[in-house]
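Reviewing the structure listed below.
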Amino acid sequence: MPALRPFALLAALILAVLAPTVHASAAVEPAFGAQRTERIAAELVPMTQWATPGSTVVVAVRQDIQPGWHTYWRNPGDSGGATTLDWILPAGVKADPILWPLPTRQRLLGLMNYGYSGEVFLPVPIQVPATARPGEILTLTAQALFLVCSDRMCVPEPLTLSLALPVREGTAPLSRPWGEAIRKTVETAPRPAGIKAHVTRDGQGLILTATGGPLASGTVGAAYVFPFEPGRIDHAAGQSGQLGPEGLTLRLAPGRETGDGALSGVLATDKGAWEITAEPGPPLDGATGKGPLAPPPEGEATKASASAPAGLGLLHVLGLALLGGLVLNLMPCVFPVLAMKAAALSAAAHDPARARRDGLAFLVGVLVSFLALAGILLALRAAGQAVGWGFQLQSPGVTATLALILLGVGLNLSGVFHVGAGLQGAGSGPLARLPGATGAFFTGVLAVVVAAPCTAPFMAAALGAALVLPWPLALAVFLALGLGLATPYVAISLSPGLLARLPRPGAWMETLKGVLAFPMYGAALWLTWVFSQQGGGQALAGLLAAGLLLAFAGWTYGRVQARRAEGRQAVAGVVTATVALLLTLMLAGAAAMAARERPAVIETAQAATSLPAQPWSAQAVAQATAAGRPVLVNLTADWCVTCKINERAALSSPRVAEAIRAANAVYLVGDWTRRDDAITRELQAHGRSGVPLYLVYRPGRAEPEILPQLLTEGVVIEALKGG
């Protein structure tokens, strides 16, 4: 739905080069007539029946929005995103900016958005060159992106709209059936009207005074300001006002952008709406003294949500996030970290003070890491990048770093070297201890970074909501996820009765730690395999060499610790271990660079299953359904352990293969191992922010069936039979 920086682990991500999307206008196929999705229908329609050479003709994007959904004005308010148009026009033809009609106010979860519902026209003046020849046809194409939202979710809807507009001589009559509606929209669209306005800051907020023009009659009864720039005022706060003989005064609550410059926007009243620019200055004379103003009525979206208690939707999202974090403890990604948590609990079982300290440190590590990851994710989204949850493992540098960290943790648990304590004698040495609060904190960090690629049940809706909510509320959702992940460990660490049931530390701890090292080695091997898929053989060789040097550095450091425990110097060992560690970092960096420079390879076939597969694309789905064939879509990634388990347990089943053949279905695989903006947009379109996502499309139906994130062969077979 999003920020966040587990500092050393994600530094490579912050420095990553994120390539912008390049639009190839020549490749766009004209799409005439209305284009439809489940939530919106849109088309380009003209105000007049033809265009004349050298004139300006108005065309409009007509939106027919389904009940319960809405799109957004140029300033969406506290959340959402404005409709955008990317024009592809004949030579010499130019498109002006949208003439935005007045929006309605849409209150939701304590937020205030500005947008449209039902049928709405967005007029655009089109300049036709004088060189246009009567009798020719101008093909106007707009790549439109609508963010269509309900009170529960938002879905980006990209549509390509085209219009064939003839060129003729003479005055063109209004087109049918939409010409009159477009004309009224153009005539009533807010424009400048000679209104003078000042904005003044005082101790209580902003005072906007406006006089002259259509306000000079002093007959306005209600008024409201829609600012052009987000953040200049508190959109959700009320706007109280006074009427004067020459104008009006409105008191506005300042927003998060506390600039003292001019405030531009639309002044909407019961007598009309006009664009104004309020310059900084003292209140204008004649703007008060005739009684209070009333705010205009809010839009239908406000009324629809008014029946629910304030904040209920947000509490629902937070509850899903908390539950998703709890379930995340059961996901395969977290198993290696569970081993570290189990060892820490056993070590501190009969030391309640230490257990409390470690539990709280682990909680802080988890919450800080979730905030860091959320911050980076939300910042990249705000910058226009198409990234989703688990994005950090799309970076070969992060994958390599995690693989080496887990290898080092495993070596530590195996007793190759010791971290967190000096040798203290038999029975109380490092084998009977794990690192203290610092170790618990970084265990929490590691848990989040490794667990993030798993999108547990209940997390999908919460993450999808977080990525469209304002950033303070989005961070609250991520904190709820972290709290859910950390709750079991913290609850046990704060429960002396439960801790007392665990055996006392002793020699058995050495055996336990040795056993728990192997999940670390397994996780390191898995990440190494993921790295090989991202970077190829040459990069893999570099990472393996780095792992060998890291093991040598750890063994050498362990020898240094042993010599120091005997009272002997070990300068040569320290130098050797340091050099080996530096070489490890150099080799790992070189391997990550080699992986980044390797062209992305789309694996077309099996996606770790025995099913014949083709690469996923929206065009492949459309072609298959147009041919009357159902489609099974698997959006996956090599670093997604849940995906791989599903592919082994369900999608590799001979019964599933037979069901696909019987249904004459097409199996499409989208590989998100490395960044793919098209897959990211597809995830967003279905309210998801990470993989896995399984979809079944059926001919004649616009929307697919979304399968559970934990698959069984029965679920897949029944979904295919349903077609």
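None of the values given here were measured: they were computed from a predicted structure. The residues of the chain are indexed from 1 along the displayed sequence.
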- prompt: Given the rule in the side chain to side chain contact (heavy atoms under 4.5 Å, CB included) test, do Phe370 and Leu485 qualify, once you have shown the distances and angles that lead to the verdict?
  reply: CA-CA 10 Å; Phe370 261 104; Leu485 176 63; 3.9 Å; yes

message: Quick one, Leu668 with Asn634, criterion side chain to side chain contact (heavy atoms under 4.5 Å, CB included). Give me CA distance, side-chain angles, the key distance, then yes/no.
response: CA-CA 6 Å; Leu668 302 180; Asn634 173 12; over 6 Å; no

query: With sequence neighbours excluded, what pairs up with Phe518 under the ring-ring contact (aromatic ring centres under 6.0 Å, His included) test?
result: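 For Phe518, the residues satisfying ring-ring contact (aromatic ring centres under 6.0 Å, His included) (neighbours in sequence not counted) are Tyr521.
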
Side chains of Tyr694 and Asn646, donor plus acceptor under 3.5 Å: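 Yes.
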
query: Between the side chains of Glu647 and Thr636, is a donor N or O closer than 3.5 angstrom to an acceptor N or O?
result: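 Distance-only check passes for Glu647 and Thr636.
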
How would you list, by chain and number, every residue that makes a side-chain contact (heavy atoms from CB on, under 4.5 Å) with [X], sequence neighbours excluded?
X	result
Arg563	Arg568, Ala570
Leu582	Thr578
Thr712	Val715

Tell me the closest heavy-atom pair linking [X] and [Y], and the distance in Å.
X	Y	value
Gly81	Leu147	N-CD2, 3.2 Å
Ile679	Gly670	CD1-C, 3.5 Å
Ala403	Ala524	O-CB, 3.6 Å
Pro488	Leu326	CD-CD2, 3.9 Å
Ala400	Leu543	CB-CD1, 3.9 Å
Leu411	Ala551	CD1-CA, 3.7 Å

Let me have the donor-acceptor pairs involving side chains of residues 473-481, under 3.5 Å, with sequence neighbours excluded, atom names and distances please.
none

How long is the span from the [atom1] atom in [X] to the [atom2] atom in [Y], to the nearest 0.5 Å?
X	Y	atom1	atom2	result
Thr576	Tyr557	OG1	OH	14.0 Å
Leu407	Leu525	CG	CG	8.5 Å
Trp555	Ser414	CH2	OG	15.5 Å
Thr487	Leu322	OG1	CG	6.0 Å

query: When you measure from the side chain of Ser493 to the backbone N and O of Val490, does any donor-acceptor pair fall under 3.5 Å?
result: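 Yes; judged by distance alone, with no hydrogens or angles, the pair exists.
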
query: side chain to side chain contact (heavy atoms under 4.5 Å, CB included) between Leu483 and Leu363: does it pass, once the steps are laid out?
result: CA-CA 7 Å; Leu483 186 60; Leu363 173 64; 4.1 Å; yes

message: What I'd like to find out is whether the side chain of Val368 reaches to under 4.5 Å of the side chain of Val445, using heavy atoms alone.
response: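 No, side chains not in contact.
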
- prompt: Do Val669 and Tyr667 come within less than 4.5 Å of each other through their side chains, counting heavy atoms only?
  reply: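 Of all side-chain heavy-atom pairs linking Tyr667 with Val669, at least one is under 4.5 Å.
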
Contacts table for residues 584-592: side-chain donor-acceptor under 3.5 angstrom, sequence neighbours left out:
unit_1: Thr584; atom_1: OG1; unit_2: Leu550; atom_2: N; d: 3.2
unit_1: Thr584; atom_1: OG1; unit_2: Ala580; atom_2: O; d: 2.8

message: Under the criterion side chain to side chain contact (heavy atoms under 4.5 Å, CB included), I'd like the reasoning laid out for Val633 against Glu682: C-alpha separation, chi angles, the key distance, then a yes or no.
response: CA-CA 11 Å; Val633 174; Glu682 182 70 7; over 6 Å; no

